[in-house]
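Beneath this line is the structure, given in structure tokens, with notes to follow.
Positions are given from 1 along the sequence.
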Amino acid sequence: MRLPSSIFVSVSLFTAETTAALYLSSTYRSAGDQIWQGLTLLFTLVPSVLVQLTLTFIHRDLGRDRPLVLLLHILQFGPIVRCLEAFCIYGSVGRVEEPYVSITRKKQIPRGGQSEEVERQVGQAEGKLFTHRAAFARTSVIQAFLGSAPQLTLQLYICILQQGVSIGRGTLMVISLLSIVYGALRCNILAIKIKYDDYEVDVRPMAYLCIFLWRSFEIATRVVVLVLFSSVLQLWVLPVVLLNFLVFFLYPWILFWQSHSPFPENIEKTLTRVGTTIVLCLLTFLYAGINMFCWSAVQVKLNDPDLINKSQNWYRMAVYYMLRFVENASLLLLWFIYKTDFYKLTCAPLLVLQLLVAYAIAIFFMLVFYQFCHPCRRLFTSSMTQGLWNCSSLLCLMCNSDSPQNRPIGKSPSPPTRQETANDGAHDTASDTTDDMPNETMYDMLNDTTIYDTTNEIGNNICDGINGDINHSD
């Protein structure tokens with residue numbers, strides 16, 4: 001049985017960030033900065049309360065007679081108690097004989113042949129540790145994107161306004177960045193284990209390193225871009241943030257309404273319809289918070305029994321990163337245009353170039369992870385690079401089809417010759433459409449796009465390769 005080290009890391013980051021935030025808020029109070037003190041406490045206490053509620057909900061403590069545990073959760077000491085409980089369970093393994101065990105069946109990742117199913121006995125202690133790990137994996141994501149990400153953005157903004165970094169603020173910023181990156185890493189691992197629940201997944205250290213570098217560059221770049229933009233255009237940062245948040249918050253609901261599926265009732269038997277709606281809203285709220293700063297590896301799908309989309313869509317990922325890169329570049333351009341003398345000591349062009357290169361490096365490590373380090377890459381029906389290449393090729397063909405050179409030009413009413421008739425026939429044969437795309441996230445406008453001056457072979461290859469969903473191999 002593995003040591004519950006992930007639980008220890010989650011609790012350590014949670015405790016360190018809360019302590020640093022409380023200390024920094026006390027310094028703001030001493031300096032008379034009540035606004036910064038209030039915002040610092042807000043981004044500390046709100047995610048802490050959500051973490052307590054999540055742990056209580058997953059462990060079903062409300063239906064059990066554990067008043068002391070509930071009291072400690074109310075006092076915001078729940079994660080520490082759960083961590084001690086997990087290590088006590090780990091230490092008691094093997095000392096007492098299990099009264100009964102359960103048998104689980106997992107498939108092994110195929111290595112050149114068909115996958116074999118392996119049976120394994122799971123005792124009560126291991127089952128309890130699995131529940132603890134699952135609970136802390138989810139609370140790490142909540143703490144990262146509903147607490148640490150806004151906290152890091154706020155403290156970096158204060159550093160720019162005050163033109164200095166104190167020891168307390170710098171410590172909190174470093175811990176917050178580590179918490180965000182760790183939360184994004186847990187989100188990636190959680191998505192892999194949910195999508196490939198039938199398989200025995202073994203994540204290697206190189207995969208962890210690639211995810212860490214990918215998320216570090218992506219999140220750090222995004223936070224710096226938002227802070228720079230807000231420092232010169234304070235009134236415009238709120239519409240940008242709200243637009244991003246509303247798009248990702250409403251997107252799962254729009255897909256759910258379009259599917260005409262019944263309202264999910266199997267989340268928790270004790271929940272009423274109102275309680276289920278609140279849980280779903282909190283889930284989509286967290287999903288929007290994740291996508292505000294980085295790509296969410298866990299894609300919410302409300303019409304699925306598990307509420308998670310278990311298919312990996314290369315097209316959706318490619319569109320997200322292309323639009324996010326364009327948005328970051330646009331925000332940096334606006335900052336460069338409207339920057340004041342406050343940044344006279346900063347080499348603005350070099351800073352813009354460094355941020356764009358850093359985001360490109362994040363995309364590079366993402367490609368390396370999915371192409372070489374993903375633990376279930378042998379189950380991919382198509383490689384990520386091929387899927388992204390096909391997506392880019394389709395977009396290029398669409399742009400070429402809309403250009404004036406490739407649009408049909410009216411001809412004179414003179415009778416066509418044999419050669420012109422043959423050319424017209426060849427032109428009609430070469431026309432192809434992109435109907436019947438199997439990917440559910442394809443925009444409907446692609447179905448009506450006509451691509452001119454291409455052969456049937458190129459059109460068919462693009463249509464066959466654009467669907468980047470990952471399916472489980474039998």
Side-chain angles (χ1 to χ4, degrees), residues 9-10 12-22 24-25 36 38-51 54 79 136-160 169-188 190-191 211-231 237-238 240-249 282-298 300 320-321 324 327-328 331 355 358-359 362:
V9 174
S10 299
S12 299
L13 289 173
F14 173 81
T15 306
E17 185 175 6
T18 303
T19 305
L22 293 177
L24 185 61
S25 64
W36 302 141
L39 290 176
T40 302
L41 290 176
L42 177 67
F43 295 143
T44 302
L45 297 179
V46 171
S48 178
V49 172
L50 292 177
V51 166
T54 303
F136 276 100
R138 287 155 177 80
T139 56
S140 295
V141 178
I142 294 174
Q143 174 68 25
F145 293 100
L146 298 185
S148 302
Q151 188 75 268
L152 176 61
T153 306
L154 172 66
Q155 301 307 325
L156 183 58
Y157 180 77
I158 298 174
C159 288
I160 292 179
R169 191 182 301 124
T171 303
L172 179 59
M173 289 170 59
V174 171
I175 297 174
S176 297
L177 180 59
L178 291 176
S179 177
I180 304 171
V181 175
Y182 181 75
L185 187 147
R186 298 306 308 173
C187 186
N188 275 91
L190 185 64
I211 297 175
F212 182 83
L213 295 174
W214 160 27
R215 295 306 194 178
S216 298
F217 281 101
E218 181 181 10
I219 293 169
T221 303
R222 179 63 175 171
V223 171
V224 173
V225 169
L226 290 176
V227 170
L228 289 177
F229 178 76
S230 62
S231 65
V237 68
L238 186 60
V240 171
V241 172
L242 287 179
L243 180 61
N244 273 271
F245 184 84
L246 288 177
V247 167
F248 290 108
F249 178 80
L282 291 176
L283 179 63
T284 51
F285 186 87
L286 176 60
Y287 176 74
I290 296 173
N291 283 281
M292 176 71 67
F293 294 93
C294 66
W295 165 257
S296 175
V298 177
V300 176
Y320 174 87
Y321 276 101
R324 185 64 77 198
E327 182 192 7
N328 288 340
L331 295 180
L355 291 174
Y359 200 78

Is the shortest heavy-atom distance from the side chain of Leu146 to the side chain of Val46 under 4.5 Å?
no
Output yes when a side-chain donor or acceptor of Ser230 lies under 3.5 Å from a complementary backbone atom of Leu226, and no otherwise.
yes
Rounded to the nearest 0.5 Å, what's the gap from CG on Asn188 to CD1 on Ile211? Could you check?
4.5 Å
Non-hydrogen side-chain atoms of Cys159 and Arg169 separated by less than 4.5 Å:
yes
Test log, rule side-chain contact (heavy atoms from CB on, under 4.5 Å), inputs Leu355 and Asn328:
CA-CA 9 Å; Leu355 291 174; Asn328 288 340; over 6 Å; no
Can you find a pair of side-chain heavy atoms, one from Ser179 and one from Gln151, that are under 4.5 Å apart?
no
Against Met292, only a single residue in Phe245, Phe249, Phe145 fulfils side-chain contact (heavy atoms from CB on, under 4.5 Å); can you say which?
Phe245
Reported CZ-to-CG distance for the pair Phe293 and Asn244, which is rounded to 0.5 angstrom
10.0 Å
Output yes when a side-chain donor or acceptor of Tyr320 lies under 3.5 Å from a complementary backbone atom of Cys294, and no otherwise.
yes
Just wondering, do Gln143 and Arg138 contact through their side chains at under 4.5 Å, heavy atoms?
no
When you compare the side chain of Arg215 with that of Ile180, does any pair of heavy atoms fall below 4.5 Å?
no
For a quick test of reading the model, state the closest non-hydrogen atom pair linking Thr153 to Ala149 and the distance between them.
OG1-O, 2.9 Å
Considering all heavy atoms of both residues, which atom of Ala288 and which atom of Phe248 are nearest to each other, and what is their separation?
CA-CB, 3.8 Å
Spatial distance of atom CZ (Phe285) from atom CG (Leu50) [nearest 0.5 Å]:
8.5 Å
Would you name the heavy atoms of Leu283 and Val300 that are closest together and state the gap between them?
CD2-CG1, 4.1 Å
Give the minimum heavy-atom separation between Ala21 and Thr40, together with the two atoms involved.
O-CG2, 3.8 Å
Checking side-chain contact (heavy atoms from CB on, under 4.5 Å) for the pair Ser148/Glu17: CA distance, chi angles, key distance, verdict?
CA-CA 8 Å; Ser148 302; Glu17 185 175 6; 2.7 Å; yes
Geometric class of the Tyr321/Trp214 ring pair [parallel <30°, tilted 30-60°, perpendicular >60°]
tilted
With rounding to the nearest 0.5 Å, note down the distance linking CG in Leu228 to CD1 in Ile160.
5.0 Å
Could you check if a side-chain atom of Val298 sits within less than 4.5 angstrom of a side-chain atom of Ile290, using non-hydrogen atoms only?
no
What are the two closest non-hydrogen atoms of Ser140 and Ser10, and how far apart are they?
OG-OG, 2.7 Å
Could you check Glu327 against Val225 for side-chain contact (heavy atoms from CB on, under 4.5 Å), going step by step and ending with a plain yes or no?
CA-CA 10 Å; Glu327 182 192 7; Val225 169; over 6 Å; no
Between atom CG of Leu172 and atom OG1 of Thr18, what is the distance when rounded to the nearest 0.5 Å?
9.5 Å
Please find the pair of heavy atoms, one from Val141 and one from Leu286, that lie closest to each other, and give the distance.
O-CD1, 4.1 Å
Quick check on Phe212: does its CZ atom have over 12 non-hydrogen neighbours (other residues, nucleotides or ligands) under 6.0 Å away?
no
Between OH on residue Tyr359 and CD1 on residue Ile219, distance to nearest 0.5 Å:
10.5 Å
Heavy-atom side-chain proximity of Phe14 to Phe136 below 4.5 angstrom
no
Quick one: are Glu218 and Arg324 in side-chain contact, heavy atoms under 4.5 Å?
no
